[in-house]
Number of protein chains: 2
Amino acid sequence: MDTSATMVDVEELRGAATRTVGVLKILANEDRLLLLCQLSQGERCVSELEEQLGIRQPTLSQQLGVLRSEGVVATRRQGKNIYYSVAEPAMLEILALLYRLYCPRSESDGD
Amino acid sequence: MDTSATMVDVEELRGAATRTVGVLKILANEDRLLLLCQLSQGERCVSELEEQLGIRQPTLSQQLGVLRSEGVVATRRQGKNIYYSVAEPAMLEILALLYRLYCPRSESDGD
DNA sequence: CAAACAATATATAAATATATATATTGTTGT
DNA sequence: ACAACAATATATATATTTATATATTGTTTG
């Protein structure tokens, strides 16, 4: 048996896969993806997100809760409103790539 | 109300999100991610994947079935073995980014 | 054609995730 | 302090995914 450095060892690969899948699961939900998409454009409060994305409040709250507990968004309270923003730079990189690959530039957008 | 071009309209955004989430769901499973990772390095047959990743045969077959039905892998039969490879260039781009972001280069690897 | 083996398919129990309704907490302005 | 409103929390039915056991299909070689 060859336990030397011919390939990345399986355990290490598994570890990386577990971490990566954690991130991917966060993104693999339409509401959360839309939320992160919108937040990648800049900070938004919940009522803005509700209006801009057409996601109803309880769903919004549940999914923002997921994003908070996973630490991918930061929150800031201002008066009655809580403003959300993307806290993970890596997440922004992934969103940017996904946008480039799958988001149609509506009409002419200087491709 | 302003229905003009101030922002990407919600329906179009939803459509893109639905498609993108479809891709992300494929990736958001540890076994499938490992499979695609390995396949991104080049064509492999099932028994090779089983040995290299330590995934048991039925799981392997089930998850390769998902990848096949989603059209992200291509297959080629050679004798008793079926060789798999990644069929979607976009998938390779995503895998490359994920690798860069989350896969630890073991030991020195010229960063 | 039959044995041996590689791969695929099916079935189902268990675990997760999602949608939706309803209740609670926290902040502001009077 | 209380009314009004923004946000969060909880509960649960439904749907989707995953793990695991078992059966079937297909190919090669004698």
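By convention in this document, chain letters (A, B, ...) are assigned in the order of the sequence lines, proteins followed by strands, and residues within each chain are numbered from 1.
Whole-Å rounding puts the B:L49 CG to C:dA6 P distance at 14 Å. As a whole-Å value, the separation of A:L60 CG from D:dA9 P is 13 Å. One interatomic measurement links the two molecules: CD of B:E51 to C1' of C:dA6, which rounds to 15 Å at whole-angstrom precision. Atom pair A:R44:CZ and D:dA6:C1' shows a separation of 18 Å (rounding to whole Å applied). Distance B:L34 CG to D:dT18 C1': 15 Å, rounded to the nearest Å. Rounded to an integer number of Å, the gap from CD1 of B:I55 to C1' of C:dA7 is 15 Å. Regarding A:I26, its CD1 atom lies at a distance of 16 Å from the P atom of C:dT16, rounded to whole Å. Distance CG (A:L24) to P (C:dA17): 13 Å, rounded to an integer number of Å.
With sequence neighbours left out, B:E43 forms a side chain to side chain donor-acceptor pair (under 3.5 Å) with B:R76. Checked against side chain to side chain donor-acceptor pair (under 3.5 Å), A:E93 has the following partners two or more places apart in sequence or in another chain: B:R100. When the side chain to side chain donor-acceptor pair (under 3.5 Å) test is applied to A:S85, no partner is found at least two apart in sequence or on another chain.
Backbone-only engagement by B:Y84 is indicated by non-hydrogen atom pairs under 4.0 Å involving sugar-phosphate atoms exclusively.
Remark on DNA chain D: of its neighbouring residues A:S61 and A:K25, the 5'-side contact belongs to A:S61, judged by nearest-heavy-atom nucleotide.
No more than 12 heavy atoms of other residues, nucleotides or ligands sit less than 6.0 Å from atom CD of B:E51. With a 6.0 Å radius and a threshold of 12 heavy atoms from other residues, nucleotides or ligands, A:R56 has its CZ atom at or below the threshold.
The B:R68 side chain lies nearest to C:dA9 when the options are C:dA7, C:dA9, D:dA7.
Applying the side-chain hydrogen bond (donor to acceptor under 3.5 Å, both in side chains) definition to pairs two or more places apart or across chains, those involving residues 65-74 of chain B are B:R68-B:Y84.
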Between side-chain atoms of residues 59-67 of chain A and protein atoms elsewhere (two or more places apart, or another chain), which donor-acceptor pairs fall under 3.5 Å?
from, atom 1, to, atom 2, distance (Å)
A:Q63, OE1, A:R32, NH1, 2.7

- [ ] Report, as a single string ordered 5' to 3', how protein heavy atoms within less than 4.0 Å touch nucleotides 19-30 of chain D: B base, S sugar-phosphate only, - not at all.
- [x] BB-B---SSS--
